[in-house]
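We count residues from 1, following the sequence as given.
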Amino acid sequence: MLKQNLQQKLLQKLSPQQIQFIKLLQVPTVSLDTRIKEELEENPALEDLSLTNLNEPEEQYPDRDPDEDNFNSDEEKGEMDEFNIDDYLQEDNVNDYGSRYDQNGDDEDERKEIPIAVQSSFFESLQLQLDLLPLSDKDFMIGKQIIGSLDDDGYLRRPIMSLTDDLAFSQNVLAEDDEVEDMLKVIQGFDPAGVGARSLQECLLIQLRKKDVNDPIIKKAIQVVEHYLDEFTRKHYDKLEKSLNMNSIELRGVVNEILKLNPKPGDSNEINTKQMQVIPDFHITNNDGTLILTLNSKNAPELRVSRSYQEMFQHYDKASQKDKKLKEAVQFVKQKLDSAKWFIDAIKQRQQTLLKTMNAIMQYQYEFFLTGDDKNLKPMILKDIADRIGMDISTVSRVANSKYVQTEFGTFLLKSFFSEAIQTESGEEVSNKEVKKILEEHIGQEDKRHPLADEKLTEILKDAGYNIARRTVAKYREQMNIPVARLRKEL
């Protein structure tokens, strides 16, 4: 049996402009240039003033027939009502928009080209070493295939059989598994030591066997890695002393020798390009006790709507006849002008939101930005800032998760200023960052032969007036990437 009923639903849909603003808000300063270049390429109605001639003379007496103002019929004027040309005309006052935030001398330096060091990559270095060997064509192809199969850490994670198959199908080289194994041993002799290993154990052994194997400490180190690697990584030093019949002094020498080895040889000869360069979005300076906030000038690009596209509108305004092709052209122009205007508005709104949010954070954490002392950080959650600036929590979150501020004490991710509140025995609310700082200090000062367990750290905090559970201490320790007491133990 079919039933019909009416239902009312309240749906909230974001406009294209809102979506564009949200996406732009998340873009960090270092990526903003790329995003703007993409928009400039896609939309010819958008111009970057820094790339155009700013000294174009303006016409004081433009050629215009006064009678042309009344040229169009009433019907045509009705169509033009939806195109308000003034909406797209902008004053080319660069100082009003483009340079308003350019108050930092170092921003000029950031615009200069940064020289890049010429350095061979990890894989290029291995290929050069392979090229120097007197090899047959077949062995050379096998070696090249092995090098191409290494991961960024310098390990061969693929089985030999897969390499043999790849050589047969993609290179038309028929090779036996033994031939690939032999060539792998050759590459394992390349620099950096440990390259071409198939496991951490093999990587460490390759490095140790390149040292003086007659040295008693090296001999013991090889034994540890070959037979007791699990005990070594878990720091069960008492078991190692018994198994290898060593005292603590000898074991310390062996452990130190193993710790000198490189577990990721692929990282040793290459600049890590995966890490994004951090360019601060904000600068906070201290002027005799008064904090001054400025926005990085890269966040204030010199954009405007294209003059040629504005003139196309004016040309349409003068046209006596409007055929289908002309109307389609004007519709295209209007779409591009709207898009350019929306993008410029979104960039301006981004600037205002960034400044508004950062200013609220600066005012809330004023003492910290004056002193740089973590103990002066107040408990602060996203809602505290959202309420102050009258914006949604999600907006504050987007700013906090991707933006950096440069201070006299370093450059910080805004997210790092947010923390939960913890109540002390006296009833005072403090930031959990203060507790983490105390934990870090005590762990840094502990006797590494007898590191402080989480239970002991909990007692220390309770004595200091912080009534925190052991599991919370463990959580804070893990958040600071500090291992458990057993793994912090040193000989």
Side-chain angles (χ1 to χ4, degrees), residues 116-136 138-171 173 175-213 215 217-219 221-234 254-277 481 483 487:
I116 299 170
V118 177
Q119 181 171 349
S120 296
S121 74
F122 168 65
F123 294 100
E124 287 171 348
S125 172
L126 293 177
Q127 188 61 50
L128 284 171
Q129 293 176 71
L130 183 70
D131 292 342
L132 295 173
L133 296 178
L135 300 170
S136 66
K138 184 178 182 180
D139 284 342
F140 180 80
M141 291 299 292
I142 294 171
K144 195 173 179 181
Q145 186 71 31
I146 291 170
I147 290 171
S149 301
L150 300 179
D151 64 15
D152 291 338
D153 293 336
Y155 283 79
L156 180 65
R157 308 284 188 186
R158 302 180 62 206
I160 295 294
M161 190 181 294
S162 296
L163 296 183
T164 309
D165 291 342
D166 285 348
L167 284 162
F169 291 113
S170 62
Q171 306 295 332
V173 174
E176 299 294 330
D177 289 354
D178 290 344
E179 292 177 290
V180 178
E181 283 272 8
D182 290 342
M183 203 59 216
L184 177 60
K185 285 187 175 69
V186 172
I187 287 169
Q188 286 177 349
F190 287 1
D191 288 326
V195 70
R198 286 160 286 187
S199 65
L200 174 63
Q201 185 181 47
E202 188 176 22
C203 178
L204 300 179
L205 285 172
I206 290 169
Q207 294 177 64
L208 284 169
R209 285 169 180 156
K210 282 195 170 188
K211 296 176 182 283
D212 182 5
V213 291
D215 186 326
I217 289 185
I218 300 297
K219 278 184 179 179
I222 290 172
Q223 277 185 280
V224 169
V225 173
E226 203 163 11
H227 304 292
Y228 304 101
L229 186 59
D230 191 48
E231 286 82 357
F232 173 80
T233 53
R234 294 174 183 273
V254 169
V255 168
N256 288 338
E257 195 63 46
I258 295 172
L259 291 176
K260 289 178 191 174
L261 305 176
N262 185 1
K264 293 182 180 180
D267 289 345
S268 61
N269 191 35
E270 189 167 17
I271 298 170
N272 189 359
T273 56
K274 291 181 181 177
Q275 288 184 338
M276 185 180 286
Q277 182 187 1
N481 294 319
L487 296 180

When rounded to the nearest 0.5 angstrom, what is the spacing between [atom1] in [X] and [atom2] in [Y]?
X: L261; Y: L208; atom1: CG; atom2: CG; answer: 4.5 Å
X: D178; Y: M183; atom1: CG; atom2: CE; answer: 15.0 Å
X: T233; Y: E231; atom1: OG1; atom2: CD; answer: 8.0 Å
X: F123; Y: K144; atom1: CZ; atom2: NZ; answer: 14.0 Å
X: N262; Y: L259; atom1: CG; atom2: CG; answer: 12.5 Å
X: I160; Y: S149; atom1: CD1; atom2: OG; answer: 9.0 Å

Is any side-chain heavy atom of [Y] closer than 4.5 Å to one of [X]?
X: V254; Y: E257; value: no
X: L133; Y: F190; value: yes
X: D191; Y: K210; value: yes
X: L126; Y: L150; value: yes

Notebook entry, point to check: Yes or no on side chain to side chain contact (heavy atoms under 4.5 Å, CB included) for I142 and L135, after CA distance, side-chain angles and deciding distance?
Noted result: CA-CA 10 Å; I142 294 171; L135 300 170; over 6 Å; no
Check: Short question: side chain of D215, backbone of I217 - any donor-acceptor pair under 3.5 Å?
Finding: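 Here the side-chain-to-backbone pair exists.
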Check: Do Q145 side-chain atoms and L163 backbone N/O form a donor-acceptor pair below 3.5 Å?
Finding: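 Flag not set: sc Q145 to bb L163 has no pair under 3.5 Å.
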What are the two closest heavy atoms between [X] and [Y], and how far apart are they?
X: V224; Y: F232; value: CG1-CB, 3.9 Å
X: M161; Y: D177; value: CA-OD1, 4.2 Å
X: P192; Y: P265; value: CG-O, 3.2 Å
X: A175; Y: L167; value: CB-CD1, 4.3 Å
X: V213; Y: K219; value: O-CG, 3.1 Å

Note to self: Tell me every residue that passes side chain to side chain contact (heavy atoms under 4.5 Å, CB included) with D182, counting only those two or more places apart in sequence or in another chain.
What the structure shows: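 Not a single residue meets the side chain to side chain contact (heavy atoms under 4.5 Å, CB included) criterion with D182.
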Check: Residues in side-chain hydrogen bond (donor to acceptor under 3.5 Å, both in side chains) with D230, at least two apart?
Finding: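 Checked D230 against side-chain hydrogen bond (donor to acceptor under 3.5 Å, both in side chains); matches are R234.
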For residues 193-202, dump all side-chain donor-acceptor pairs below 3.5 Å to protein atoms at least two apart in sequence or in another chain.
unit_1: R198; atom_1: NE; unit_2: E202; atom_2: OE1; d: 3.3
unit_1: R198; atom_1: NH1; unit_2: E181; atom_2: OE1; d: 3.4
unit_1: R198; atom_1: NH1; unit_2: E181; atom_2: OE2; d: 3.3
unit_1: R198; atom_1: NH2; unit_2: E202; atom_2: OE2; d: 3.1
unit_1: S199; atom_1: OG; unit_2: E202; atom_2: N; d: 3.2
unit_1: Q201; atom_1: NE2; unit_2: V225; atom_2: O; d: 2.8
unit_1: Q201; atom_1: NE2; unit_2: E226; atom_2: O; d: 3.0
unit_1: E202; atom_1: OE1; unit_2: R198; atom_2: N; d: 2.8
unit_1: E202; atom_1: OE2; unit_2: Q188; atom_2: NE2; d: 3.1

Next item on the list: In sequence, state the C-alpha distance, the side-chain angles, and the governing distance for I147 and F122, and then conclude on side chain to side chain contact (heavy atoms under 4.5 Å, CB included).
Entry: CA-CA 10 Å; I147 290 171; F122 168 65; over 6 Å; no
